[in-house]
Amino acid sequence: MEGAGSFGGSGGHRLYYLNSLALDRTAEPWSDLLDAGREDGRLVREALEGPGRADLVPAPQELHPELLGALQRMGMERLYSHQEQAIHAAWRGPTIVTTGTASGKSMCFNLPTLDVLCRQARARALYIYPTKALAQDQARALAAFGLARRVRPAIYDGDTSRETRREIRRSSNIVLTNPDMLHVGILPNHGAWEDLFSNLAVVVVDEAHVYRGVFGSHVANVLRRLRRIAAAYGTEPRFMLASATIANPVELAERLTGLQDVELIDRDGAPAPQRRIAVWNPPLTDEAAGARASALGEAAELITRLVRSGARTICFMKSRKGVEVLARLVSDALQSTDPDLAGQVAAYRAGYTAQQRRELEGRLMRGELLAVITTDALELGIDIGELDAAVVVTFPGTVASLRQMWGRAGRRGRGLALYVAGEDALDQFFCRHPEDFLERPVEAAILDHESELIYRSHLLCAAHEGPLSSEDAEFLGPRWEAQAEVLVSAGALRRRPGASRGAYVPRSDGGYPAAEVSLRSASPETFAIVDVSSGELIGSTEAARAQSTVHSGAIYLHQGRSYEVRELDLASRRALVTPFSGDWYTQPKRETDTEVVRLLDRRETLGVTLSFGEVSVTDTVLAYQRRRLSDHARVDITALDLPPVSFSTQALWFELDAQELADSVSLEVMLGALHATEHAQIAVLPLLAMCDRWDIGGLSTNHHPQTGAPTIFIYDGHPGGIGIARTAFTRFEELCADAHALICECACADGCPSCVQSPKCGNLNEPLSKAGARVVLARMLHEGAGADRAALRKPPAVV
Ligand SMILES: [Zn+2]
Ligand SMILES: [Zn+2]
């Protein structure tokens, strides 16, 4: 049974492929179900993870005696080895811990923090959580130490009442908050927090992998502002981070905090249950068109069978509507045969009140529920007890979050982690490459704190928090002054008369720039999205994207819920929406132009000239198409009359040789070949950079006026760019190889949603030539391989 190597990067658990199935499966409640899947080919791959024994070591005796006493009372005289290592690492310098789900990660930062607080009565700590629910969970965990005399944790977020806020500022020594509150509430009012900043010993950033893309680029700036204010009050807090498994934890920690030499703790000493991993692909219903049975129906059948066999199951889905539908399908199916069980299935999603959620969590903990179907509201570290099976329906976007969801399974020493594939390109790519899925180093979390618009908006916030001077290079980076000059030209900052060179202050004393900066938007220019049925502001979108995402008639998805746009008001920058329950979605038809503004890097590879730089993208939304949800069939197309919108961002582009291209594909399919190549590359880019295909744009043309050649552009979809195109530029060869595999291995006749069709194509997937793209990519990869061979054949240089 010893098949292959270890589970890449997951911290030492071994993963075995089941070549022979000589394992004793009789004890597992899901044996029959898996047997059936093996028989009819829906079960496309299995692997076995663990079991791993706990690596226990004594708690460091240097810890404060009261803390050691608390550990003893909690029955934790011995710690997992990674917890002990993390304590020592935290004493040395900044750290990041990336051990698995349920490995006791929070102990890794709680113990060093509590140790400091036990020793120094005045010391304070700041814990930063991406969601309120997680902060609450952590506050409960801290209370469990029973150190009330020394440790006074308190949550400070939007829900904290005015009266308690003052008390927290005065006396709480662990303040649990979120990046938004830090950005808009705490840092701009640092004067009121003087005691905290003057004694700030520790900053904890948990779930750090969440801080990527636009949000991460903002949070990296907020944390730099935090270090700067702490320094102004004379402190240099120790940073401790924790994250799910990602490809680049140290890089992420350093980019987020601006600190160097962050130490990584990733050798997991927690016991691992034996977990069976199964990849399940719904059967093809039409091979030529690439159509498959629905993942939802397949998941309903699987969960029903798991519940019947007594397995406590959690199921994750992206959309709220999907969650509701699936929960209903399962309880209906159970109703006919086992009515008692039907009541033990529940849906759990964001949008429930805090009390409803608490109640469901409680029922889950006590084992009163057999199955819970949820959006990723439950993905993060909330403690819901142990479950037998975790079912993930369609790819959640990143392998990192898939593994986190799978990590929920494994009660009584064994578990089932099941992935039910959808028809999207990445889902089907993984079904054909399960090894990649299981072993591939997970994606890198990408962010760019110097993305210009984001950086400048925080520089202005920083100036309001205290005059900018040459000492700020330490926190804000070497380029701060050039950007400050831009803000001077824009009338937002001024140089202080008489002050030494480089002292900048806001032009006006009033104003509150932090309130204008949303941490989820790449540009300060946004459109508000208002639900007119309730009057509620449900969110905002970048102005540059408003016309393509919230034009009138658009179906807009927000936190898994659908809305229909009634009106897009360009003048007042508002989209008015109402809740939507119809059975169609919309796709805008756009005309896009890209203009190269600045070349930043260039190299020759795979027989093409590959460039990276700044581009200006101009988009005109011409019309939108309605399509049926069930089978993607076109319903109709409606013209729109909207002005063009431009934004600048980062892009890679590559030029192909027109003559060589004409030799390999006919003129009629040339544009379709380029277009399909672009789509395939965009589809697989999330394998390299943690992002969504909706974060990426593309353009292909037979002849670009600036390059004078057939050219494909792939650009960051957010103004300013957040590092996605740069990653694609650096790892272009992998991108082409993955795109080629995606196309070659899809069994469809001329392109389908599992390979070259894109749900967000501005040209409504026309023209597309799957065969042509195959030739283009094969030729490039062949050139690349040829070049490598040539390099090998070259005689060694004579020195
Ligand atoms: Zn296909
Ligand atoms: Zn397209």
Side-chain angles (χ1 to χ4, degrees), residues 44 281-293 295 395 421-433 545 548-549 586-594 617-625 627 631-632 634 637 651-654 669-686 692-702 704 710-717 725 728 738-778:
V44 292
N281 201 6
L284 273 168
T285 52
D286 180 345
E287 180 161 325
R292 288 182 181 275
F395 186 55
E423 63 175 2
D424 274 5
L426 278 184
D427 285 74
Q428 290 303 316
F429 184 86
F430 283 133
C431 282
R432 295 190 299 265
H433 293 268
R545 291 153 75 92
S548 54
T549 52
T586 55
Q587 209 176 346
K589 181 169 166 56
R590 286 175 311 196
E591 199 171 77
T592 304
D593 277 317
T594 53
V617 176
T618 305
D619 247 339
T620 315
V621 179
L622 306 169
Y624 71 95
Q625 195 175 53
R627 284 173 172 262
D631 58 359
H632 310 294
R634 282 173 213 190
I637 185 156
L652 74 77
W653 63 95
F654 59 101
V669 303
M670 192 185 283
L671 188 56
L674 295 172
H675 190 198
T677 303
E678 171 215 316
H679 278 193
Q681 287 173 327
I682 290 176
V684 295
L685 181 45
D692 192 291
R693 75 191 291 160
W694 301 88
D695 294 330
I696 317 162
L699 175 99
S700 2
T701 169
N702 274 342
H704 190 268
T711 308
I712 295 178
F713 286 83
I714 294 174
Y715 56 84
D716 273 68
D738 286 343
H740 184 246
L742 176 76
I743 291 179
C744 291
E745 296 160 358
C746 190
C748 71
D750 348 278
C752 72
S754 302
C755 58
V756 298
Q757 291 178 8
S758 159
K760 55 167 291 238
C761 177
N763 279 314
L764 307 177
N765 287 309
E766 277 161 11
L768 281 179
S769 167
K770 178 186 174 187
R774 187 177 176 149
V775 173
V776 168
L777 284 163

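Source: prediction; values computed, not measured. Order of appearance sets the numbers: ligands from 1, and atoms from 1 within every ligand.
Checked by atom type, the side-chain pair Asp738/Gln681 shows no donor-acceptor distance below 3.5 Å. Between the side chains of Thr592 and Asp619, a donor-acceptor pair is found at a separation under 3.5 Å. Defined by atom type and a distance below 3.5 Å, a donor-acceptor pair is present between the side-chain atoms of Ser700 and Glu678.
Nearest N/O/S atom of His679 relative to the Zn ion (ligand 2): this is NE2. Counting just the N/O/S atoms of His675, the one with the shortest distance to the Zn ion (ligand 2) is named NE2.
The angle subtended at the Zn ion (ligand 1) by SG of Cys748 and SG of Cys746 is 110°, given to the nearest 10°.
Each of Ile743, Leu742, Thr677 was checked for a side-chain contact (heavy atoms from CB on, under 4.5 Å) with Val756, and the lone residue meeting it is Ile743.
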